[in-house]
Amino acid sequence: MLDVQNIRKDFPILNRTVNGKPLIYFDNAATSQTPQQVIDVIVDYYTNYNANIHRGVHSLSQEATDAYEQARIKIQKHFNAKHPHEIIYTSGTTHSINLVANGFSSLLKKGDEIIVSALEHHSNIVPWQMLCERTGASLKVIPMNENGELMLSAFDALLNDNTKLVFVNHISNALGTINPIEYIIDEAHKVNAAVLVDGAQSCPHIKPDVQALDVDFYVCSAHKLCGPTGVGMLYGKEEWLNKLPPYQGGGEMIAEVSFEKTTYAALPHKFEAGTPNICGGIAFGAAIDYMNAIGFDNIAQYEHELLEYGTEQLQKIDGLKIYGTAKEKTSVISFNVGNIHPYDIGTILDKMGIAVRTGHHCAQPIMDFYNIPGTVRASFMFYNTKEEIDSFISALKKAIMMLS
Ligand SMILES: *Cc1c(COP(=O)(O)O)cnc(C)c1O
C-alpha cells in the first residue's frame, strides 16, 4: 500500500500556502509536482558536473554523457523498448509528435488517409492537419459518445487500404478516458497503418510496455510524471525511426559534413540535433526511478480510490454535471455547475488555495461536442488525499453560493 503522508514529505511545494491557505494542488493533468529526489538530481548536475555531452574528452563531459545515456537506458527499460536507441530525447510530447508528423511528409501522398480521435489534445491534432496540408492526405476522426468514449465500430469503418497512420491518446487529458489502444493498434496493423500513441496523460498513472502493445510510436513529457519541464521522449520502433528523415539539422545529428554532402548520424543521434536538455534528461530518469519506487500498481489503486471518492462527493452537489463518465478512466474529473462559468469557479477556488484548471484544456473539439465553452478540471496524483478532496468540496460549495 501507499503511505501518502510519507510521500507528501518528498514534495516541498505541498508545504506552501497560496492566498494564506494551504496549497491544494489539483492541476496535475497540466503538470505534476517535483519530489526532492528529482530536485536533488538537478542541483547535483549544475553543482558538480555541468558540461556538454558526447564531444568532450574531459572528465566533466564524460560524467555528463554517462549520466545522460544511463537515463536513456532507464527510460528504455521502463517502457520495455527493445533498444536504447529507440528512445529519442525531445523537449516533450508536442516536439515528439511534430518530429513524427514532419518525418511522414515524405512518406505520404494524395489519397492517403490519417485517423485521429475526437478525444485528442490540440498537439495531437494540429501537426497532422499541417501534414495533410503538405501532402494532400486527408484526416478522418473517430467519433466519441456522450460518456466520452471512442466509438470503435466507427473506427473499424474508417480503416481501409488508404489508411497510413492512426493517432490516438492513451488517456484523454480533458476527460480522463482510458482508450482501448490495444484494440486500436491491432486493427490498424491489419491494414498496415502505423500507430502513434500520445502517452502524455497515461505515463503518470500506468507503465506501458511498448513491445507488448506492438505500438509503432509512443510519446510523453517528463513534467507530467514528476520530472522537469522541457524534456520528454519519442519511442519509435527501430525500422520506423530508420525510415523517417531527420527533423532538425545541426550539430550532433551528423556523421560527416561537407558542402557537397552531409551524412546523418545513427539512431538516436539522427533526431537529436544541437545541445539537448542534458540535466532534464538525467532528471527524467530520476523521476522514473522515483515513480517506480512507489510502484505503478500502488499508484493506480490509490488514485482510483481518489477518483471514486471525488466523483461521489461531487455528484452530491445540486446542478453539477461531470463530463467524461467512461467506464475506464483515470483520476481526472471535468465538470460544470449550472450556468456558472468555469473561470469564475477557478478564480474563487484559487482565493482559497486550491489549484484547478479551467477552460478547454487544449481540446476544443471535445468542448464543442458537449456544446460548452470549457469545464473545471480537478486532476489527482498519488500525493493528493481524501482530506484535500473534502476541503475542495466545501470550498466549491462556497464558490457556488457566491456565484448563484
Ligand atoms: C499535456 C499533453 C500534451 C502536451 O504535452 P507538452 O508537454 O505540452 O508537449 C499532449 N497530449 C496530452 C494528452 C497531454 O495531456
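Counting convention: from 1, in listed order, for ligands and their atoms alike. These numbers were taken from a predicted model, which means no experiment stands behind them.
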If you measure from the Lys or Arg side-chain nitrogens to the Asp or Glu carboxylate oxygens, is any gap between D297 and K207 under 4.0 Å?
no
Any heavy atom of H95 closer to ligand 1 than 4.0 angstrom?
no
Counting heavy atoms only, which part of E120 comes closer than 4.0 Å to ligand 1: side chain, backbone, both or neither?
neither
Is a side-chain donor-acceptor pair under 3.5 Å present for D10 with Y290?
yes
May I ask you to decide if S123's main-chain N or O and H121's side chain share a donor-acceptor pair within less than 3.5 Å?
yes
To which protein heavy atom is atom 15 (O) of ligand 1 closest, and what is the distance rounded to 0.1 Å?
Q201 NE2, 2.5 Å
For Y68 and Y89, I'd like to know if the aromatic rings sit close, meaning centre-to-centre distance below 6.0 Å.
yes
So is N169 polar-close to ligand 1, meaning N/O to N/O under 3.5 Å?
no
Decide whether Y218 and H170 meet the rule of one side-chain donor and one side-chain acceptor closer than 3.5 Å.
yes
Protein contact of atom 11 (N) of ligand 1 - nearest heavy atom, named by residue and atom, plus distance
D198 OD2, 2.6 Å
Is K224 in contact with ligand 1, taking contact as a heavy-atom separation below 4.0 Å?
yes
Polar side-chain atom of T358 near backbone of V376 as donor-acceptor pair, under 3.5 Å:
no
Looking only at protein heavy atoms, identify the closest one to atom 9 (O) of ligand 1 and say how far it is in Å.
T94 OG1, 2.6 Å
Nearest protein heavy atom with distance in Å, relative to atom 10 (C) of ligand 1:
S123 OG, 3.1 Å
Looking just at side-chain N and O atoms, do N336 and T375 make a donor-acceptor pair shorter than 3.5 Å?
no
Can you check whether S221 has an N/O within less than 3.5 Å of an N/O in ligand 1?
yes
